[in-house]
Amino acid sequence: MENQKTFDLIDQYLSGELAGDSLAAFEKELQGNPALSKRVVLIREMSPVLADEKALDLRKQLKGFGDEYFLNSQKKEARIIPIYKRSWAVAAAVLALVVSLVLVWQINSDSTLSGDQLYAQNFELYNIPIESRGDNSESDFAKAAQLYDKKAYQKAAEAFEVLLKNDPADMLTAFCLAQSYLNQNPPKTESAKTLLQNIIQDGNSIYVSKSKWYLALIYVKEGAVQNALDLLREVAEEGGSQGRKASDLIQDLE
Amino acid sequence: MTKKSFGEVTLSDETKSMLGETPVFDVEKNERHNLFRDKFLELGEDCQKVLSMFFNKIKMEVIMEKMGYASISYTKKRKFQCKQKLVRLIEADPVYEELKY
């Protein structure tokens with residue numbers, strides 16, 4: 001039960017990614033394997049709790065205050081007598097809960113996700129569509145796209161740079177080059193920004209809206225919230241899935 | 001019928017269902033969640049970052065880039081190692097046995 005495959009299967013099961021025979025086999029295994037079943041219950045409960053970074057920060061702060069009464073005595077007590085059998089302990093726990101809720105409320109009321117966090121949450125890898133690569137898989141564009149597919153983003157960028165130099169008006173190449181910059185580690189946002197601004201200014205390609213989205217994300221990362229909001233509102237007005245994502249991000253920023 | 005023992009008292013599922021979310025169950029749940037958080041905070045900084053991004057449903061590609069890892073497979077391996085360590089820490093704590101569901 002301790003191998004990576006099992007943990008991956010649990011993750012897939014809990015995220016609803018398992019289907020068909022794989023799902024049936026896993027559910028059968030769950031029925032006959034109580035240890036696995038307990039592990040699934042633990043991970044299912046644990047995951048959303050630990051996704052709450054604010055509550056984690058709060059817990060860290062509380063531990064930092066050195067309040068040994070709340071944080072250490074409960075362990076000692078639990079080993080001897082369950083905490084809920086002692087009325088004073090229940091009262092203390094309820095008090096701790098109330099204090100926690102007040103602190104969480106305060107944190108929620110005056111803090112937001114950082115630009116980097118919002119960027120990371122919203123940035124998605126752009127897949128260069130096969131149909132845009134032409135019929136000739138040996139073409140320079142196709143070769144650059146293949147490097148991009150293999151996540152060799154720096155080499156892909158070099159290949160797209162050559163192509164763009166030969167045809168500066170090719171907005172598809174400009175967009176793919178911008179993506180190659182953004183996917184590098186660390187992302188070359190300044191270079192990508194110039195390209196995306198050019199595509200938006202050109203205004204004649206199907207990549208205008210996508211460029212606005214990615215440029216807005218760069219602005220979010222940089223903390224230029226107003227610039228980001230201006231672009232996101234334009235994307236939101238266009239509707240579709242990207243428009244919905246833009247609306248969600250506007251809400252987060254506002 | 002499964003039963004859950006609370007010291008000398010044993011509550012059936014039906015009784016528990018009738019009681020609903022009593023303060024006792026709330027306290028237990030809260031204690032369990034705090035145990036999860038405490039064990040998470042015992043992990044190394046890298047593990048905390050990886051798991052935090054994973055629990056927030058951030059894509060593996062992004063986690064790989066943020067952490068500066070070389071490949072997706074290595075990122076998945078780190079996620080597994082960290083999660084395994086966390087689960088073992090939780091399960092090994094006697095408090096977890098006391099507070100179990």
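Below, chains carry the letters A, B, ... as their sequence lines are ordered, and counting in each starts from 1.
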So, are B:E91 and A:R39 salt-bridged, with charged N and O less than 4.0 Å apart? yes
Could you tell me if A:Q117 and B:N56 have a donor-acceptor pair between their side chains, going purely by distance under 3.5 Å? no
Against chain A, label B:L86 side chain, backbone, both or neither, depending on which of its atoms sit under 4.5 Å from a heavy atom there. side chain
Do other residues, nucleotides or ligands put more than 12 heavy atoms under 6.0 Å from A:K155 NZ? no
Applying side chain to side chain contact (heavy atoms under 4.5 Å, CB included), run through A:V49 and B:F40 and close with a yes or a no. CA-CA 11 Å; A:V49 171; B:F40 179 84; over 6 Å; no
What verdict does the side chain to side chain contact (heavy atoms under 4.5 Å, CB included) test give for A:N185 and B:M64, after you've listed the backbone C-alpha separation in whole Å, the side-chain angles of each residue and the deciding distance to 0.1 Å? CA-CA 9 Å; A:N185 187 20; B:M64 179 184 82; over 6 Å; no
Is it the backbone or the side chain of B:K77 that comes under 4.5 Å from a heavy atom of chain A, or both, or neither? both
Output the distance between atom CD (B:E65) and atom CG (A:L182), rounded to the nearest 0.5 Å. 9.5 Å
Does the side chain of B:R37 come within less than 4.5 Å of A:L58's, by heavy atoms? no
Assess whether atom NZ of B:K85 is packed by more than 12 heavy atoms of other residues, nucleotides or ligands within 6.0 Å. no
Looking at B:Q81, I want to see if its CD is surrounded by more than 12 non-hydrogen atoms of other residues, nucleotides or ligands under 6.0 Å. yes
For B:K79, is there an ion pair with A:D8 - N to carboxylate O distance below 4.0 angstrom? yes
Apply side chain to side chain contact (heavy atoms under 4.5 Å, CB included) to B:F55 and A:M46, showing your working. CA-CA 9 Å; B:F55 289 138; A:M46 175 183 84; 4.0 Å; yes
In Å, rounded to the nearest 0.5 Å, how long is the span from NE2 of B:H33 to CG of A:L56? 12.0 Å
Distance check, rounded to the nearest 0.5 Å: B:F36 atom CZ versus A:D52 atom CG? 14.0 Å
With rounding to the nearest 0.5 Å, note down the distance linking CD in A:Q4 to NZ in B:K76. 8.5 Å
Considering residues, nucleotides and ligands other than B:E45, do more than 12 of their heavy atoms fall under 6.0 Å from its CD? no
State the CD1-CG distance between B:I90 and A:L42, to the nearest 0.5 angstrom. 5.0 Å
Contact part of B:K83 toward chain A, heavy-atom cut-off under 4.5 Å: side chain, backbone, both or neither? both
Euclidean distance, A:T6 OG1 relative to B:Q84 CD, rounded to 0.5 Å: 10.0 Å
May I ask you to check whether over 12 heavy atoms, not counting those of B:K59, lie within 6.0 Å of atom NZ? no
Step by step, work out the side chain to side chain contact (heavy atoms under 4.5 Å, CB included) result for B:L41 and A:R59. CA-CA 9 Å; B:L41 292 171; A:R59 185 70 181 167; 4.2 Å; yes
